[in-house]
*Asks:* 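After the structure tokens below, expect a handful of questions from me.
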Amino acid sequence: MSKEASSKVYRLIYWDGIPGRGEFIRLALEYAAHPYEEINQPKEIAGMLLNAAASCPAHFAPPILELPGGQRLSQTANILNYLAPRLGLAGNQEPGYSDSEEAEILRARVNQVVLTVMDAAYEAHNVHHPIAVMYYYEDQKAESLRCADEFRKSRLPKWLNYMVAVLESNVKAGGQKGYIVGSNTTTADLAMFQLLEGLEFAFPKRMGKLREEKKYSAIWEFKERVAKEESIAKYLDSDRRRAFGMGLFRHYPELDGEA
């Protein structure tokens, strides 16, 4: 990263106290050791939403990233797609490569995985809120129990099969084992890491059982590899890393099970 790039401070606008969707962006900034500030006051955030005078285009929900020039972007995957080449998380790091058509294709492939990861995260969230996000969990508990049963038995294995296929496809294409695209950590690697963290928090019994299956071993090797990246390891051990709770990924014991 150039000195000029590292001097630019981003501002992450997201709710306080939970990792949520904002954590996917924090991981990218922390991995690159890029300076950033956080805005997490509810009234200030609320004033930025559905407000035609606040930004163009208007924002529906956080996370929002404020750029050094004052412009603001929203949507997690969109923000990561913007940050990836600026933080060295878009794949190939060779000089001059970033301006090529091949680099644009590589960046799109990285974003493809990020978008799919966000689909999986949204699906996991809907297990505890299958009817409406405005209802309390207790108001839709019966539906959540039914949804969780299907998610554990069918959807979780399918998502893990997808992860295995992604990792294997990279090796077949000449990339390094344990990476998603090529031989460098990208926003896709960090996003998948956070997804796995969230799923293990929300469904510890089911994920623990699936971890025992040899066909998924590449996933846990990948996750361990990301966790050991120097900047990520430091972040995970810091007080900046927010604990899971009542956010995107939630643990309700009655929604979990080994099968």
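Position 1 is the first residue of the sequence; numbering continues from there. Below, each value reflects all heavy atoms present in this structure, side chains not excepted, and no hydrogens, waters or symmetry copies. As the structure is a prediction and not an experimental result, all values here were calculated from the model.
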*Asks:* State plainly whether one hydrophobic cluster holds both Y122 and L156, where clusters connect Ile, Leu, Val, Met, Phe, Trp and Tyr through side-chain heavy atoms under 4.5 angstrom apart.
*Replies:* no
*Asks:* Which heavy-atom pair separates V181 from T186 by the least distance, and what is that distance?
*Replies:* O-CG2, 4.3 Å
*Asks:* Keeping the roles fixed (side chain from N170, backbone from Q176), state whether a donor-acceptor pair exists under 3.5 Å.
*Replies:* yes
*Asks:* Which heavy atom in L80 sits nearest to a heavy atom in A28, and how many Å separate them?
*Replies:* CD2-CB, 3.9 Å
*Asks:* Tell me whether R21 forms a cation-pi arrangement with F24, defined as NZ or CZ under 6.0 Å from the six-membered ring centre and within 45 degrees of its axis.
*Replies:* no
*Asks:* If you define the side chain from C-beta out and look only at heavy atoms, does anything of L12 sit under 4.5 Å from E37?
*Replies:* no
*Asks:* Quick one: CH2 on W15 to CZ on R242, what's the gap to the nearest 0.5 Å?
*Replies:* 14.0 Å
*Asks:* Whether the side chain of S217 engages the backbone of E213 through a donor-acceptor N/O pair (distance < 3.5 Å, no angle test) should be reported.
*Replies:* no
*Asks:* Kindly indicate whether the side chain of K215, heavy atoms from C-beta on, has any atom under 4.5 Å from the side chain of V164.
*Replies:* no
*Asks:* Strictly below 4.0 Å, N to O, side chains only: are R155 and E150 in salt-bridge contact?
*Replies:* no
*Asks:* Is E168 salt-bridged to K172, going by a charged N under 4.0 Å from an acidic O?
*Replies:* no
*Asks:* Charged N to carboxylate O below 4.0 Å: is that the case for E23 and R26?
*Replies:* yes
*Asks:* Using modelled atom types only, decide if a donor and an acceptor are shared between the side chain of H129 and the backbone of Y136 within a distance under 3.5 Å.
*Replies:* no
*Asks:* Let's go through L160 and I219 carefully: what are the C-alpha distance in whole Å and the side-chain angles of both, what is the deciding distance for side-chain contact (heavy atoms from CB on, under 4.5 Å) to 0.1 Å, and is it a yes or a no?
*Replies:* CA-CA 8 Å; L160 295 189; I219 294 174; 3.8 Å; yes
*Asks:* Might you point out which heavy atoms bring V117 and A191 nearest each other, and give the distance in Å?
*Replies:* CG1-O, 3.5 Å
*Asks:* Could you tell me the separation between the CZ atom of F151 and the CG atom of D256, rounded to the nearest 0.5 Å?
*Replies:* 11.0 Å
*Asks:* Within 45 degrees of the ring normal and closer than 6.0 Å to the centroid, is that where the cationic atom of R225 sits relative to Y179?
*Replies:* yes
*Asks:* Say whether L167 and W220 are linked into one hydrophobic cluster, either directly or through other cluster members, by side-chain heavy-atom distances under 4.5 angstrom.
*Replies:* yes
*Asks:* Give the minimum heavy-atom separation between A227 and F193, together with the two atoms involved.
*Replies:* CB-CE1, 3.8 Å
*Asks:* If you count the non-hydrogen atoms of other residues, nucleotides and ligands that lie under 6.0 Å from CD in E138, is the total more than 12?
*Replies:* yes
*Asks:* Show your reasoning for whether side-chain contact (heavy atoms from CB on, under 4.5 Å) applies to V127 and S144.
*Replies:* CA-CA 6 Å; V127 170; S144 294; 5.6 Å; no
*Asks:* Could you point out which residue of L89, I25, T187 forms a side-chain contact (heavy atoms from CB on, under 4.5 Å) with L83?
*Replies:* I25
*Asks:* For residues E123 and W159, determine if any side-chain heavy atom of one lies less than 4.5 Å from a side-chain heavy atom of the other.
*Replies:* yes
*Asks:* P19 and F244: which non-hydrogen atoms are nearest, and at how many Å?
*Replies:* CG-CD2, 3.7 Å
*Asks:* Would you please indicate yes or no on a ring centroid separation below 6.0 angstrom for F249 and H125?
*Replies:* no
*Asks:* Counting C-beta onward and ignoring hydrogens, is there a side-chain heavy-atom pair between K141 and Y137 closer than 4.5 Å?
*Replies:* yes
*Asks:* Can D189 and Y31 be counted as having a side-chain donor-acceptor contact under 3.5 angstrom?
*Replies:* no
*Asks:* Starting at CG of L145, measure out to CD of E254 and round the result to the nearest 0.5 Å.
*Replies:* 6.5 Å
*Asks:* May I have the list of side-chain donor-acceptor pairs in residues 59-71 shorter than 3.5 Å, sequence neighbours left out?
*Replies:*
residue, atom, partner, partner atom, Å
H59, ND1, S74, OG, 2.8
H59, NE2, S55, OG, 3.2
E66, OE1, R72, NE, 2.9
E66, OE1, R72, NH2, 3.1
E66, OE2, R11, NH1, 3.0

*Asks:* Side chains of E30 and S231: any donor to acceptor distance under 3.5 Å?
*Replies:* no
*Asks:* Checking Y216 against K214 for the side-chain contact (heavy atoms from CB on, under 4.5 Å) test, could you report, in this order, the C-alpha distance in whole Å, the side-chain angles of both residues, the deciding distance, and whether it holds?
*Replies:* CA-CA 5 Å; Y216 297 132; K214 187 176 181 180; over 6 Å; no
*Asks:* Does any part of the side chain of V113, heavy atoms only, come nearer than 4.5 Å to the side chain of T116, both counted from C-beta?
*Replies:* no
*Asks:* Can you list, by chain and residue number, the hydrophobic cluster partners of Y135 when the side-chain cut-off is 4.5 Å?
*Replies:* I131
*Asks:* Might you point out which heavy atoms bring I232 and L190 nearest each other, and give the distance in Å?
*Replies:* CD1-CD2, 4.0 Å
*Asks:* May I ask you to check whether over 12 heavy atoms, not counting those of Q75, lie within 6.0 Å of atom CD?
*Replies:* no
*Asks:* If I take atom NE2 from residue H34 and atom NZ from residue K8, how far apart are they, to the nearest 0.5 angstrom?
*Replies:* 8.0 Å
*Asks:* To the nearest 0.5 Å, tell me how far R250 CZ sits from Y252 OH.
*Replies:* 5.0 Å
*Asks:* If you apply the rule side-chain contact (heavy atoms from CB on, under 4.5 Å), what do you find for Y14 with I39, and how did you get there?
*Replies:* CA-CA 6 Å; Y14 198 69; I39 297 174; over 6 Å; no
*Asks:* Any sub-3.5 Å donor-acceptor pair from N51's side-chain atoms to G47's backbone N or O?
*Replies:* yes
*Asks:* Is R86 reaching over with its side chain to a backbone N or O of Y82, donor-acceptor style, under 3.5 angstrom?
*Replies:* yes
*Asks:* How long is the gap from OG on S238 to CZ on R240, to the nearest 0.5 Å?
*Replies:* 3.5 Å
*Asks:* Does V166 share a hydrophobic cluster with L115, counting links as ILVMFWY side-chain heavy atoms below 4.5 Å and allowing steps through other members?
*Replies:* no
*Asks:* Using atom types as modelled, flag every donor-acceptor pair under 3.5 Å from a side chain in residues 194-212 to any protein atom, sequence neighbours excluded.
*Replies:*
residue, atom, partner, partner atom, Å
Q194, OE1, R241, NH1, 3.1
Q194, OE1, R241, NH2, 3.1
E197, OE1, R241, NH2, 3.0
E197, OE2, K223, NZ, 2.7
E200, OE1, K223, NZ, 3.1
E200, OE2, R211, NH2, 2.9
R206, NE, R152, O, 2.8
R206, NH1, E258, O, 3.0
R206, NH2, R152, O, 3.3

